[in-house]
Structure formats: C-alpha cells, structure tokens
Undergrad: 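Quick one: this structure, given as structure tokens, is what I'll be asking you about.
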Amino acid sequence: MSIEFTATVLGSARIGPNRELKKAVESYWAGTLDAPALESVARTLRENTWRELVAAGLDSVPVNTFSYYDHVLDTAVMLGALPERVRIIDSELDRYFAAARGNETVAPLEMTKWFDTNYHYLVPEISPATTFSLHPEKVLAELEEARALDVPARPVVVGPVTFLLLSKAVGSSAPLLDRLDEILPLYAELLTNLADAGAEWVQLDEPALVADRTQSEIDCAKKAYDYLSAVSTRPAILLASYFGDLGAALPVLAATGIEGLSIDLTVPGTVEHVAVVPALASKHIVAGVVDGRNIWRSDLDKALATLASLLGSAGTLAVSSSCSLLHVPYTLDGETDIVDPLRSWLAFGTEKVAEVSVLARALRHGTESVSAELEQARTALETRRTDPRLHDAAVRARLEAGITVDRTAAEERRRAQAVRLDLPSLPTTTIGSYPQTTQIRLARAALRTGEIDDAEYVSRMQSEIADVVALQENIGLDVLVHGEPERNDMVQYFAEQLSGFAATSNGWVQSYGSRCVRPPILYGDVSRPKPMTVHWSEYAQSLTDKPVKGMLTGPVTILAWSFVRDDIPLAESAAQIALAIRDETIDLEGAGIRIVQVDEPALRELLPLRSKDTAAYLEWAVRSFKISTSGVSDDTQIHTHLCYSEFGEIIDAIVDLDADVTSIEAARSHMEVLDDLNSVGFDLGVGPGVYDIHSPRVPSVDEITESLRAALKAVPAERLWVNPDCGLKTRGVAEVERSLRNMVQAAAALR
C-alpha cells in the first residue's frame, strides 16, 4: 500500500543556483573537463537539491528530473529511440550530446518549445525502423542515489502518451500513437524495476493531455493507464498534468486504476471540474496551487480556500507547485538589487517550496500554526495592489486615443524599397547577433563593477561593432547588422531600459541545454524614457554604404520571455510594450536606418493550448506587432524573425503581420514551413534558415546550396532571402566566419 504524501513539487531546476551545470557541460564540450568530473558536478547538484527540498518540509521529492540537456531526450534514450545516425558514436555521453546539438558529421534532433513556455525540448524522431527497448539505468541510478540519502524519492518520467504525441514521425504518415502497444510493455517493465528498487510512487508526466485532444487520443490515454495500473508489481502511479485543464480527459483518467492525479489549479475552472468527477473521491489529489511558472508570491488565503474546496472531492490531498520549478529562478537570496516593496511581492523556487510547506502545515495543523506567514503574505499583496508604479495614466491615455496599424499595400512598399535598397537577387544577411566574445563579456563586467566608465564601455563596444561590420563586408553579405555586442539578452536589454520592468542579477532559468536566460520582471505599466538602440545602429551605418538593420525585439517576445504581471490582461501589456517599440522604429528611421527588424520568435509559444482561446490571442498578438511597425514610411523595410516553432498552427497570423521580410527557422525541419506559407498564399519576402546555428557543425557550400535549391522550389528568387536559422550569439567566431562564407558562396553560385 502506498504512503500518501502531503507536500511536494512536480520537479526542480537542474542548472545549479550559479549555473554550475552549464559551465561544467560546456567545459566537457570544450575538452577541458572529463566525463567523471562532469558527473561529479551533476551528482553534487542533485544531492544538494534533494536535501534542500527535504529540509524545507517536503515529504515526497521528485527525482530523475535532472538532465544534462533535456528530459524528453532522456526519455528517448530510456526507450532506445535515438535516431540511427547517432548510433555510430561509441561513447554513450557523446552520443547523447550529438543527438542534442549535433557535431561535424551528425545533424541534431529538431528543437521546439515545451508547450507555451520558454523551455525548448528535443523532438524524438520515430521511424518505421525504430525498435523500442528499455534502458532504465539513469532513473534507477538516481533513485538509488536518493534513497541512499534517505530522501523520500518519487521518480519522474515523461508518460507514454505525451512522449508519442510530442515525437515526430519520420518516414511514415501513421499517427505515432499507433506505436503505443510497443512502448507500454517497456513502461510496465520500468514500473516493476522501480518497485523492486524501493520506489513507493512514480510520477508519469502527461501534460500533452491538457491541450485539445481527440476522442481517439483520450481513448489511448485510457488504454495506457488501464494497462499500467494493472501491472502486478509497481509503485503507486501519480499521473501529472500541468499548464492547463485536463477537460474531457479528467474523468477518463480518474476511472483508471492509477492512485493519484496532479492537477494545475492555477488554471481558471479546474477546481470546478474536479468537484464533479466522482472517481476522484478514491484518488490522491496533488493540488497545484502554487504557480510554478511565474514569480509572484502566492495569495495563501486564496490557495487555502481552494484546498478546502477539494477536501470533499478527493480521497486524500497533497499540496504542490502547479508544474516543475524548472521555469523559475532558484532563489531570491542574493538579489540585492531588488528592494522592497517589489521584493516582497516575489517568490522564486526556494520561496515557492516554502509556500507549499506552509500550506501543507496549515492543512495538517490549522491556520493558527502558520498565522505569521499568512499575515506576511497579506501585507505583501496589499502593498502590490496599491503601488502607484503599476499605473501610468499617460500610457493608458495614448492607447485609448487609438493607433493606426495598417501600412500601404505590400506591392507599393516593395517598389519603394527596391529603389531605396537596390539589393541583388537572393540577398544575404544574418539574424542579428554575432558571437559574444570574452572581450565583450569582460567589458560588460568591468562596467558593472565600476572598473570602466560609460565612455570607455561605449568605445569598446564601438570597436566590436566596427570589427563585425568589417567582417561582414569582407565575407560579402548584402545586408549587415551591428552584431549586438552591447546586449546581454534580446529581451533583458530592452527591459532594462523600459519603465515598468525590473531585472535580476542571478535569476537564471534554463532555455535549452546549457543556454540560460534571466527573464526580466514586468511589474507595472510600460513606457520608453529615451531611445534604446538608435546610437548603436547609427554608428554601424556610418561605417558602411550597405544597409544595416536596426534590431528590435517585438512585444509578444518581450512578454513571453519575461515574468509577466498577473493583474492585467496580457493583451494590455503587449499594447503598452508595442507603443515603446513603435517609438524606437520611428527614431531608427529618422536616423537613416533603411531596414528595421522586429523579432517575434515567441509568437507561436504563447499560443493557447486550447483552440477556443486561439483567435483572441492571435488578434492582440498581431495587433501589437503592427502597432510596433506601422509608424514608418513605405520605403523603410520591416523584417521579422520567427524560430523553433510549429508554424503551421499560426500560419495565417504570420501573413497578417504584414512584415516585408520574414526570416524563419527551417534547417532542422528541412524547409517544411515553406509549404505551409504557400498554402495560404504568402507573397512577401521570406528567409528560411539555411543552416542550424544551435549546432557547432559548419555546413558545407553544397549542403547550403541544396537547402537553397529546395527553398527555390517553393519561393521565387525575387522573394527569397538567404540567412542562418537564428542569431549567432552563442557560436564561436571561427565557425561563424566559415559558415557565413559558405552561405554567401552558395547564394552567389545560385544567382
């Protein structure tokens, strides 16, 4: 009989509070750290995390949430589902990293966003030749490691239905759920292995079930959990859902033989759904009342009321985060630049675990046992509600007055831009950023510590810009960029210059692999006190006769890659940010910049998980982009950039953006997006990425030429641009130069 627990989280961050894993993994890739030393860093991070969770009062601790790169890739390894092309690599660890990021000879797996978050996962490739087999060594080793420390360990594994729904079929058009019968026996074997190793509970993550699902897909979920719950020797099964409401799948899953369900109760309407499912009366409900995706302090009184409303519906009840804490920074400790009252409004990972513990104690021992914590939360919430910085009357009045968002017809703009820009066929460019060298990082650190003043910093950045402009001219690119040496991050850079935002000093979260970001905190109304990028672009343009793109981040992406306020609609925040970006585009044009790129790589990731909410989202998302870009003249060319998304779902919105040129991720997906664009009559400029910048491999001229030939079958030459998939910030200088020279050579040959 399983032992019910009372306080937990669904997962935890794994990069280390000071990005220890990032640094160790990158050292391993560079050859300066060997595999045993890398594993030593990993083990220390795991053990420290588990001990901290136990010390905070959790009586069930998730394990197997650690990963060197990505938990979906880990699941593919566990099921023997790595693609054939990586199997030639003898080292298990190097094979893993080759699947994740490729090497000189092996192309990596495709990457896309994890539901509507800013985390990227690797998309498993399942072909008719894929033969599944169980490889449970990692999860069993971490379970053994945790039990040796007397940690009440609950192994966490991506569930079978979500694994197949998130994978990509290769060489077959049959639904991957048709392969469910092949992997269910492996999951059953895994459950028995875990039980034999001492696990009392296992958490099977099925977040795919909160999106729109067909009846057939829900039937597959029922089949899977009927099968797994019938395994004779196994731990109790906790089926974990998050990011949304299970909807029609909830009663179906509750009717299976699983012992527990984790439900995201931060999503409106989920409490009411739980109350009308009688089968939950015999289940252990893990109530996700602490928001695991955002950084605001919980309303503990509201959370307790939610928990109380479930007492009559659940067999037993535990308090939890709504999802893994992978999506929030580790702790507020050390964030000395964030001062009260803002600091008192926040809860990072450590603080969220403390909230879970407080709520669990209140359920067990009554609210009197946590009266001080409840009062502290009430005070913080009240100061936030009444803070005058949350509302800017001038910004709101400007929006209420109305903004014109339509430009003249695309054909008229195209003619005006052709005269002003005079570009060749198949113009070559890059997406924006160039490698962030050691010199750039040292200069930024020296400015931060006061070692150099603003004038010296500007001088150093101008030197970097001059080098990048000269390199691009030498390579032969047609449209240049200034390289963005002054930018720490494409969102944080703007947030630090906009009112209504706050930045963290160590609030790192994992975006993918070793890539970490520090999302800014949007806490109030947004405005632009002064120009943010104009002087950098103006300086770069002064160095060359070729056009230099002004580089901006769009309002949807700034929202998606920030921790957003939860007291007004996202649409309202997007419009406020769009006004600030609009002012910047107009000032760039006034400074002589002929091309302005407003990047919206996050347009797809904010798409609601339920189709009923899609139209409203796309309406305000597209409008915010058009607010940003519609203030310039016809002969100023507007570009945008989209990356690592399933674009088919938003293809009409891409058309509606009305950008003169759209550069778009296409290398890993082999130009598939072009067919989607053609299907809706897209007739504007498009730059499908011809090589993958998330891999260290340098593409050959022949490889890029082949990609361009494929693109030309779908897009006429007069509309086709040539560019990499994304910015080059994370790449090395030497590989970037080689890759771009090959790209320019391929474009020249096809001209």
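Residue numbers start at 1 and run along the sequence shown.
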Undergrad: Among residues two or more places apart or on two chains, list those pairs meeting ring pair (Phe, Tyr, Trp, His ring centres under 6.0 Å) that have a residue in residues 282-317.
TA: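 Applying ring pair (Phe, Tyr, Trp, His ring centres under 6.0 Å) to every pair that reaches into residues 282-317, excluding sequence neighbours, yields F5-H284, W201-H284.
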
Undergrad: Classify the side-chain pair E206/T162 by whether it contains a donor and acceptor separated by less than 3.5 Å.
TA: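 The criterion, which ignores hydrogens and geometry beyond distance, is satisfied for T162 and E206.
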
Undergrad: Determine whether the side chains of R14 and Q510 contain a donor N or O and an acceptor N or O closer than 3.5 Å.
TA: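 Q510 and R14 do have a side-chain donor-acceptor pair below 3.5 Å.
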
Undergrad: Which atom names give the shortest non-hydrogen contact between A502 and L342, and what distance separates them?
TA: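 Between these two residues, the closest heavy atoms are CB-CD2, 3.5 Å.
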
Undergrad: Please identify each residue that fulfils side-chain hydrogen bond (donor to acceptor under 3.5 Å, both in side chains) with S229, with sequence neighbours left out.
TA: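 Not a single residue meets the side-chain hydrogen bond (donor to acceptor under 3.5 Å, both in side chains) criterion with S229.
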
Undergrad: Let me confirm one number: the CD1-CG distance from I258 to L204, rounded to the nearest 0.5 Å.
TA: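 Going from CD1 on I258 over to CG on L204, the span is 9.0 Å.
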
Undergrad: I'd like to know if the side chain of K352 and the backbone of D291 have a donor-acceptor N/O pair within less than 3.5 Å.
TA: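 Side chain of K352 to backbone of D291: a pair is present.
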
Undergrad: Can a side-chain donor-acceptor contact be found between T6 and D59 if the only test is distance below 3.5 angstrom?
TA: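 Checked: D59/T6 side chains pair up, N/O donor to acceptor below 3.5 Å.
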
Undergrad: Among residues at least two apart in sequence or on other chains, which ones pass side-chain hydrogen bond (donor to acceptor under 3.5 Å, both in side chains) with W561?
TA: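 Listed in chain order: N118, E605.
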
Undergrad: For the backbone of V526 and the side chain of Q576, can you confirm whether one donor and one acceptor N or O come within less than 3.5 Å of each other?
TA: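 Judged by distance alone, yes, a pair lies under 3.5 Å.
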
Undergrad: Looking at residues at least two apart in the chain, or sitting in another chain, which of them share a ring pair (Phe, Tyr, Trp, His ring centres under 6.0 Å) with Y617?
TA: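 Ring pair (Phe, Tyr, Trp, His ring centres under 6.0 Å) list for Y617, sorted by chain: W620.
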
Undergrad: Taking the six-membered ring of W345 as reference, does the NZ or CZ atom of R297 fall below 6.0 Å from its centre and within a 45° cone about the axis?
TA: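 No; the conditions do not both hold, so R297 does not lie above the ring face of W345.
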
Undergrad: Check whether N64 reaches the backbone of V156 with its side chain - one donor and one acceptor, N or O, closer than 3.5 Å.
TA: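 It does hold such a pair.
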
Undergrad: Can you sort out the partners of H273 under ring pair (Phe, Tyr, Trp, His ring centres under 6.0 Å), two or more places apart, ordered by chain and number?
TA: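 Partners of H273 under the ring pair (Phe, Tyr, Trp, His ring centres under 6.0 Å) test: none.
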
Undergrad: Determine, stepwise, if the pair S611 / D212 fulfils side-chain hydrogen bond (donor to acceptor under 3.5 Å, both in side chains).
TA: CA-CA 7 Å; S611 59; D212 287 328; 2.8 Å; yes

Undergrad: Ring pair (Phe, Tyr, Trp, His ring centres under 6.0 Å) with Y493: which residues, sequence neighbours excluded?
TA: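 Listed in chain order: nothing, the list is empty.
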
Undergrad: Donor-acceptor pair, distance only, cut-off 3.5 Å: does the side chain of T8 make one with the backbone of S320?
TA: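 No.
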
Undergrad: Checking E272 now: which residues fulfil side-chain hydrogen bond (donor to acceptor under 3.5 Å, both in side chains) with it, not counting sequence neighbours?
TA: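 For E272 there are no side-chain hydrogen bond (donor to acceptor under 3.5 Å, both in side chains) partners, ignoring immediate neighbours.
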
Undergrad: Just by distance, no angles: are the side chains of T65 and H71 close enough, under 3.5 Å, to form a donor-acceptor pair?
TA: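 T65 vs H71: no donor-acceptor pair found between side chains.
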
Undergrad: Can you list the residues that meet the salt bridge (Lys or Arg N to Asp or Glu O under 4.0 Å) rule with R389, with sequence neighbours excluded?
TA: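 For R389, the residues satisfying salt bridge (Lys or Arg N to Asp or Glu O under 4.0 Å) (neighbours in sequence not counted) are D387.
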
Undergrad: Is the backbone of E375 close enough, under 3.5 Å, to the side chain of T379 for a donor and an acceptor to pair up by distance?
TA: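 It does hold such a pair.
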
Undergrad: For R361, does the CZ atom have more than 12 heavy-atom neighbours from other residues, nucleotides or ligands under 6.0 Å away?
TA: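 More than 12 heavy atoms, drawn from other residues, nucleotides or ligands, come within 6.0 Å of this atom.
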
Undergrad: Is the closest basic N to carboxylate O distance between K138 and E142 below 4.0 Å?
TA: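 So K138 pairs with E142 through a salt bridge.
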
Undergrad: What residues form a ring pair (Phe, Tyr, Trp, His ring centres under 6.0 Å) with F501, not counting sequence neighbours?
TA: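 Counting only residues at least two positions away or on another chain, F501 forms no ring pair (Phe, Tyr, Trp, His ring centres under 6.0 Å).
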
Undergrad: Counting neighbours of CD on E619 that are heavy atoms of other residues, nucleotides or ligands and sit closer than 6.0 Å, is the number greater than 12?
TA: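 No, CD of E619 has 12 or fewer neighbouring heavy atoms, counting only those of other groups under 6.0 Å.
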
Undergrad: S562 side chain to V564 main-chain N or O, any donor-acceptor pair under 3.5 Å?
TA: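 Between the backbone of V564 and the side chain of S562 there is no qualifying donor-acceptor contact (under 3.5 Å).
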
Undergrad: Looking only at side-chain N and O atoms, does D219 offer a donor or acceptor that is under 3.5 Å from a partner on Q215?
TA: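 Side chains of Q215 and D219: pair found under 3.5 Å.
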
Undergrad: Starting from the C-alpha separation in whole Å, work towards a yes-or-no answer on salt bridge (Lys or Arg N to Asp or Glu O under 4.0 Å) for R385 and E382.
TA: CA-CA 5 Å; R385 187 182 66 81; E382 180 61 18; 2.6 Å; yes

Undergrad: Taking NZ, NE, NH1 and NH2 as the nitrogens, is one of them in R565 or D525 under 4.0 Å from a carboxylate oxygen of the other?
TA: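 Yes, charged N to carboxylate O under 4.0 Å.
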
Undergrad: Sequence neighbours left out, what passes side-chain hydrogen bond (donor to acceptor under 3.5 Å, both in side chains) with S505? Give chain and number order.
TA: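 For S505 the side-chain hydrogen bond (donor to acceptor under 3.5 Å, both in side chains) partners, ignoring immediate neighbours, are E335.
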
Undergrad: Please list all pairs meeting salt bridge (charged side-chain N to carboxylate O under 4.0 Å, His left out) that have one or both residues in residues 236-254, counting only residues at least two apart or in different chains.
TA: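 The answer is none; no pair qualifies.
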
Undergrad: Which of these, K283, R234, R154, sits in a salt bridge (Lys or Arg N to Asp or Glu O under 4.0 Å) with E259?
TA: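 For E259, the salt bridge (Lys or Arg N to Asp or Glu O under 4.0 Å) test succeeds with only one of K283, R234, R154, which is R234.
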
Undergrad: Counting N and O atoms only, with roles assigned by atom type, does the side chain of S298 sit under 3.5 Å from a partner on the main chain of L300, one being a donor and the other an acceptor?
TA: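 Between the backbone of L300 and the side chain of S298 there is no qualifying donor-acceptor contact (under 3.5 Å).
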
Undergrad: Would you find a donor on one side and an acceptor on the other, under 3.5 Å apart, between the side chain of S282 and the backbone of A279?
TA: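 Yes, S282 side chain to A279 backbone: donor-acceptor pair under 3.5 Å.
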
Undergrad: Using 30° and 60° as the class limits, which term best fits the ring planes of Y69 and Y512: parallel, tilted or perpendicular?
TA: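 The arrangement is tilted - the two ring planes meet at 30° to 60°.
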
Undergrad: Between the main-chain N or O of L246 and the side-chain N or O of R213, is there a donor-acceptor pair closer than 3.5 Å?
TA: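 Absent.
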
Undergrad: According to salt bridge (Lys or Arg N to Asp or Glu O under 4.0 Å), who are the partners of R293, at least two apart in sequence or on a separate chain?
TA: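 D116.
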
Undergrad: In terms of side-chain geometry, is the basic nitrogen of R378 or D301 positioned less than 4.0 Å from the acidic oxygen of its partner?
TA: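 Answer for the salt bridge query: yes.
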
Undergrad: Cut-off 3.5 Å, side chains only: do Y330 and N18 have a donor facing an acceptor?
TA: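 There is no such pair (donor and acceptor under 3.5 Å, judged by atom type) between the side chains of Y330 and N18.
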
Undergrad: Should the pair R396-E572 be classified as a salt bridge under the 4.0 Å nitrogen-to-oxygen rule?
TA: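 Looking at E572 together with R396, the answer is yes, because their closest N to O distance falls below 4.0 Å.
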
Undergrad: Under 6.0 Å between ring centres: does that hold for F563 and H327?
TA: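 No; H327 has its ring centre 6.0 Å or more from that of F563.
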
Undergrad: Is the backbone of L10 close enough, under 3.5 Å, to the side chain of S321 for a donor and an acceptor to pair up by distance?
TA: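 Checking the backbone N and O of L10 against the side chain of S321, a donor-acceptor pair under 3.5 Å is found.
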
